[in-house]
Amino acid sequence: MKQSDLVLQDVSKYFGADTVAVRNFTQAFEGGSYICLLGPSGCGKTTTLRMIAGHETVSGGTITLNGENIASLPPARRGTAMMFQNYALFPHLSVLDNVAFSQKMRGIDKTSRHRKAQELLDMVQMGDFADRYPAQLSGGQQQRVALARALITEPTVLLLDEPLSALDPFLRIKMRSELARLQKELGITFIHVTHSQDEALALSDRIVLMNNAEIEQAGTAQDIFNRPRTEFVARFMGGHNVLNINGKPMALRTDHIELDTTNNNASQGLRGSVSYIEYLGRAVEVTVTVPDQADITASIPDHRYRESSLKTGEHVTVVWQPEHLQALS
């Protein structure tokens, strides 16, 4: 491991005697990578982020950065910076002074701190808004200011707590690409908490998917999506069906399914009837009700759907290639 790597070893957090927020979280994050902590509400991902930041105490385990166990250090001495979900900008300070605030607290002179703050505002494309106040900014603009304020401390690790959740869908996608660009440009580690599967798949070098205070599966975006290990992973990531094949659970991607209306493959697949059709633009999702199975969804490219005669109530056979089935534990 390089010194800039962040290593969490058996990190746990308990609230009282009975509540476990995080249990034995163990992961090594390569320096300069983009990490997403993904999972449903209450799974422990934000608590993990806050323990790395020092805003939550560790009940057990170690957090090592730059070769030093930082678990007992105050936030300002950890080499991390956190961008909060609500951005937490000071309403009475200008954009420039919001970004420069931490340097003011360190006693850096006004000219130097304003120069550095302006450089960072330019980096996040907010240089022209330096004299405005937070109330005069849109949500996306406030986010960029909060990002610049976190970066002015020159952290080794930037921690982002659901940074895109307050934005509308169009701006969320735009800011997603901005975060990816900045991370590559700065070359520092980003650890990004999200409940959005699309965000995690689009941004991360590594995804850590959490469930019930523990890591359910960790790996690259491709690994997590294409090779889910458990039923929870397959269902949470979306784009999969969980089938019961010979009494065993199997994941099958929705885009790896064919729907045969001819009945020629009835002995090789699952026979059912179309119960719902949903148009999604580039694809159409067709839900098939099959006896003794959960409903099965097939994702069909729009042009192929238009060439077909599929309609609600029609009997079809759900077929797939055997190599596309993924066994689940």
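Note that this is a predicted model, so its numbers are computed, not measured.
By the ring pair (Phe, Tyr, Trp, His ring centres under 6.0 Å) test, Phe84 is found to be paired with His55, residues two or more places apart in sequence or in another chain being considered. Annotation: side-chain contact (heavy atoms from CB on, under 4.5 Å) contacts of Arg282 (sequence neighbours excluded): none. Judged as a side-chain contact (heavy atoms from CB on, under 4.5 Å), and not counting sequence neighbours, the contacts of Thr26 are Gln9, Asp10. With sequence neighbours excluded, the residues that form a side-chain contact (heavy atoms from CB on, under 4.5 Å) with Thr111 are Asp109, Arg115. Partners of His256 according to the ring pair (Phe, Tyr, Trp, His ring centres under 6.0 Å) rule, which considers only residues two or more places apart in sequence or in another chain, are His324. Every residue two or more places apart in sequence or in another chain that forms a side chain to side chain donor-acceptor pair (under 3.5 Å) with Asp122 is listed here: Gln118.
The minimum heavy-atom distance between Asp97 and His114, with the atom names listed, is OD1-NE2, 2.7 Å. For Val193 against Pro163, the heavy-atom pair with the smallest separation is O-CD, 3.9 Å.
We find that Arg304 and Glu307 are not joined by a salt bridge, their nearest charged nitrogen and carboxylate oxygen being 4.0 Å or further apart. We find that Glu68 and Arg78 are not joined by a salt bridge, their nearest charged nitrogen and carboxylate oxygen being 4.0 Å or further apart.
At a threshold of 4.5 Å between non-hydrogen side-chain atoms, the residues Ile257 and Val319 do not count as touching.
Between the side chain of Thr297 and the main chain of Thr254, no donor-acceptor pair closer than 3.5 Å is present.
Ring pair His240/Phe225: centre-to-centre distance below 6.0 Å.
Environment of NZ in Lys184: crowded, with over 12 heavy atoms of neighbouring residues, nucleotides or ligands closer than 6.0 Å.
Stacking of Lys174 on the aromatic ring of Phe170 is not recorded, the 6.0 Å distance cut-off and the 45° axial limit not both being met. Both tests do not hold together for Arg144 against Tyr87: distance to the six-membered ring centre under 6.0 Å, angle to the ring axis within 45°.
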